[in-house]
Amino acid sequence: MHGIKSIAAIAGLASLAVASPVEKRATPGSFQIKQVQTGQKLAVGAVAYQKAYQKYNKAVPAVVAAAAQQGAVTATPEQYDSEYLCPVTVGANTLNLDFDTGSADLWVFSSLLPSSEQAGHSIYNVASGKKITGDTWKISYGDGSGAAGTVYADKVVIGPVTATTQAVEAATSISSAFQQDTDNDGLVGLAFSTINTVSPKPVTTFFDTVKANLTSKLFAADLKKGAAGVYDFGYIDTTKYTGSIVYTPVDSSQGFWMFTSTAYSIGTTKTSASISGIADTGTSLLLLDASIVTAYYKKVTGSKNDSTQGGYTFPCTATLPDFSITVGGAVRTVPGSYMNFAPIDNTGKTCFGGIQSNAGVGFSIFGDIFLKSQYVIFDQTTSSPRLGFGQQ
Ligand SMILES: CNCc1ccc(Oc2cccnc2)o1
């Protein structure tokens, strides 16, 4: 768990590690999930049918298991919602991994690391995998953290969704930030496989590996403020949002879930502006153009852009305005109460803002501060990817 250290360091920026666009390669070997007819009702029935077998500890018939390829996995926040960790079975081990829609590598702490760097973590024992000779990987994230290693083919299970042969990137070296972050045993990249860092050829993300066998080719993030949420794979849980889902096209040319909003509101004051940004579950904060950030904190008494803290701070008792964007013609709102990210020290007097500048990034980053206010659907059901936002 994080102690109070530089909050800005915890908050992190989106992964800026991009590979040159290359043709996608199938993951090594094949996996045994059979194609099923799409159709929500079939899956709901199959899931109920599967549960009946599981209740009496009987083997689930393959066709039932395949039809049930959908389901939820719990996402538990670290302190201050700095990241969200989900249990994932990799080979014979279960690890707590950070699902990151801002990068495309599934990498894990492994038995190849020096034992001192394994301390405090669940690790993947590569003995269960098949080494992919010649493949290596190396990734660095916007917050300066990073990792590198080699690649194995092994089984990966997330909720009830199984990839029997997934490329698992086993770490042989990790940065100090990851060594210290003992809740985090690695990442599941859920951006587009074009930015996977495996060399000489990128491998597919977990989602790309399994999507053809999901009831619907999508996953959804239901992250929460200060509470465990879920990632749904293969279906939309219509109980997770109010009103309707609004969809917007995604430009995946940089490998991210990038979209454009046409206006923003601070409190009830609306301003037309074209904001291009990425939906990034691996970034804690909401990073926007400096002009918007300055305008936001003008409405916060006692706020200041404090270079010693790395960004805008304010009294922890401050009242914070709501922040909304207009996307797909609909307004989606982050309540002001979500905008207090964390105290800067143990006195709890001064707090670090959830909205900060995107200076140096080149686009905006709709990280957890924004995403936890929505049910977010990462949709590849058609050849044009899209994002869906349901207000919570
Ligand atoms: C807190 N630094 C270690 C760490 C945990 C998760 C990640 O990965 C990141 C960081 C920033 C943006 N996207 C993914 O780094």
Side-chain angles (χ1 to χ4, degrees), residues 1-19 75-86 88 95-109 113 117-122 137-149 169 171 173-192 195-197 205-207 221 223 231 254-258 277-288 310-311 341-342 352 354 356-372 376 378:
M1 188 57 85
H2 291 295
I4 296 277
K5 55 188 185 204
S6 150
I7 285 296
I10 291 181
L13 290 176
S15 156
L16 300 178
V18 289
T76 304
E78 278 194 330
Q79 190 177 33
Y80 309 125
D81 300 348
S82 56
E83 56 190 66
Y84 294 80
L85 284 308
C86 306
V88 176
L95 285 67
N96 292 322
L97 303 182
D98 180 359
F99 286 21
D100 178 16
T101 59
S103 65
D105 287 48
L106 193 171
W107 72 264
V108 289
F109 276 67
L113 283 166
E117 294 182 16
Q118 297 181 27
H121 289 271
S122 299
W137 59 279
K138 178 175 170 50
I139 194 163
S140 57
Y141 298 102
D143 67 356
S145 62
E169 300 173 35
S173 63
I174 47 172
S175 68
S176 57
F178 278 110
Q179 291 176 39
Q180 289 154 22
D181 186 358
T182 51
D183 296 329
N184 178 318
D185 303 320
L187 267 69
V188 177
L190 294 169
F192 292 82
I195 59 171
N196 174 270
T197 74
T205 64
F206 175 82
F207 178 64
L223 303 179
Y231 285 91
Q254 293 182 66
F256 300 118
W257 292 90
M258 183 171 279
I278 67 171
D280 181 1
T281 57
T283 288
S284 312
L285 302 180
L286 169 54
L287 306 183
L288 298 165
F341 175 64
F352 194 76
Q356 299 291 343
S357 167
N358 64 6
V361 176
F363 42 80
S364 293
I365 301 179
F366 293 89
D368 301 332
I369 287 285
F370 176 81
L371 299 174
K372 67 179 111 170
V376 186
F378 296 80

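Both ligands and their constituent atoms are indexed starting at 1 by order of listing.
Less than 4.0 angstrom separates some heavy atom of Asn184 from each of these atoms of ligand 1: 5 (C), 6 (C). Below 4.0 Å from some heavy atom of Gly282 lie the following atoms of ligand 1, by number and element: 9 (C), 10 (C), 11 (C), 12 (C), 13 (N), 14 (C). The distance from ligand 1 to the heavy atoms of Thr283 drops below 4.0 Å at these ligand atoms: 12 (C). Within ligand 1, counting atoms from 1 as listed, the ones closer than 4.0 Å to a heavy atom of Leu187 are 8 (O). Close contacts of ligand 1 with Asp98, meaning ligand atoms under 4.0 Å from a residue heavy atom, involve 6 (C).
Taking only non-hydrogen atoms, the option from Ser176, Ser145, Ser175 nearest to atom 3 (C) of ligand 1 is Ser145.
Taking each heavy atom of Asp181 and His121 in turn, the nearest pair found is O-CE1, 3.2 Å. Minimum interatomic distance between Phe178 and Leu187 (heavy atoms only, all atoms of both residues): CE2-CD1, 3.8 Å. Heavy atoms only, all atoms of each residue included: Asp105 and Ile195 are closest at OD1-O, 4.0 Å. Scanning all heavy atoms of the two residues, the minimum distance from Ala177 to Ser145 falls at CB-CB, 4.0 Å.
Considering CG of Asp100 and OG1 of Thr205, their distance stands at 11.5 Å, rounded to 0.5 Å.
The aromatic ring centres of Phe256 and Phe363 sit less than 6.0 Å apart.
Annotation: Asp280 places no N or O atom under 3.5 Å from an N or O atom of ligand 1; distance criterion only.
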